[in-house]
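One structure below.
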Amino acid sequence: MRINRSIRVGIGALAVAAIASACGGGEERSASESAASGQLTVGIKFDQPGLGLRNPDGTFSGFDVEVAKYVGEKLGVAPENITFREAPSAQRETLIQNGEVDYVVATYSITDARKEKVDFAGPYFIAGQSLLVRSDSTDITGPESLNNGKKLCSVTGSTPAQNVKDTYAQDVQLQEFDTYSACVEALRNGTVDALTTDDIILAGYAAQYPGELEVVGESFTEEQYGIGLARGDDETRTKINDAIEEMIADGSWANAFEETVGPSGFPLPEPPTVDRY
Ligand code: GLU
């Protein structure tokens, strides 16, 4: 009787463990523990030139990639031991919560809603929302001009699209895709009239298609880019905040920016102050 009972309890415990691991292995492990094992998995964008881009030869480039590598080195992991994983806007919280990535550096704005699910180190950059249009279009000059049913593209799970609709243009028609590169194609082939997201992202696409796409108007939000990591992993968050401060102080931050974003013509801004909330 006693044996039977402990077997039953044991089977129950195994079942619970199996369910837990099926929900995404590694969720108990902090990013510092991953780093101590010599490997890190980092979420970045794969389709944002100048920020997070997977090149045709399988290498990765961009400012977010450089920030991710610098932070990795400060956590004790060499760049060749970092595995980059695509983190589309709508999947960033889930990838972190499931332990599928150790941290995310992917044009990821620090917001109160996201802070309910993940924590943020940073900010390491401050961007602002803006608009990208075809160079031959004349009637879109800012977010208000999207009224009258203009078709506006943005990405599911990102902050910008809803902001335009809520704040500036109730009559805009929102079309949401999974990635910004899909929006760029829709803009180029005339399916949408404009694309909205952060100015630094749009500058990369405008530079890809000079004379065809351009950024219009002033930026109209403040987007503080953070490095997302598991909620409550304060040890790693402190280390990442230290790393960001060092990257700014030793000149690597400005160098990385000039090499990655610089060619798009986007000017080097003042570095932000890390917020240890
Ligand atoms: N920074 C904004 C956000 O985190 C837009 C850029 C993006 O979707 O990556 O939602």
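Residues take their numbers from the sequence shown, with the count starting at 1. When a ligand or atom number is given, it counts from 1 through the structure's own listing order.
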Note to self: Here's one to test your reading of the geometry: is the NZ or CZ of Arg188 within 45 degrees of the ring axis of Tyr209 and under 6.0 Å from its centre?
What the structure shows: yes
Next item on the list: Check whether any side-chain heavy atom of Phe220 lies under 4.5 Å from a side-chain heavy atom of Leu131, and answer yes or no.
Entry: yes
Note to self: Can a side-chain donor-acceptor contact be found between Asp250 and Tyr70 if the only test is distance below 3.5 angstrom?
What the structure shows: yes
Notebook entry, point to check: Looking at Tyr277, does the NZ or CZ of Arg237 lie under 6.0 angstrom from its six-membered ring centre and within 45 degrees of the ring axis?
Noted result: yes
Next item on the list: Could you tell me whether the side chain of Phe46 reaches within less than 4.5 Å of the side chain of Thr179, counting heavy atoms only?
Entry: no
Note to self: Do Leu51 and Tyr180 have side chains that approach each other closer than 4.5 Å (heavy atoms only, starting at C-beta)?
What the structure shows: no
In a simple table, one pair per line, please give the protein and ligand 1 atom names for every N or O pair closer than 3.5 Å, along with the distance.
residue	atom	partner	partner atom	Å
ligand 1	1 (N)	Thr107	O	2.9
ligand 1	1 (N)	Ser109	OG	2.7
ligand 1	1 (N)	Asp198	OD2	2.7
ligand 1	4 (O)	Arg92	NH2	3.1
ligand 1	4 (O)	Thr107	O	3.2
ligand 1	4 (O)	Ser109	N	3.0
ligand 1	4 (O)	Arg114	NH1	2.9
ligand 1	8 (O)	Ser89	OG	2.6
ligand 1	8 (O)	Tyr180	OH	2.7
ligand 1	9 (O)	Lys45	NZ	2.6
ligand 1	9 (O)	Ser89	OG	3.4
ligand 1	9 (O)	Arg92	NH1	2.9
ligand 1	9 (O)	Thr107	O	3.2
ligand 1	9 (O)	Thr107	OG1	2.7
ligand 1	10 (O)	Arg92	NH2	3.3
ligand 1	10 (O)	Arg114	NH2	2.9
ligand 1	10 (O)	Thr159	N	2.9
ligand 1	10 (O)	Thr159	OG1	3.3

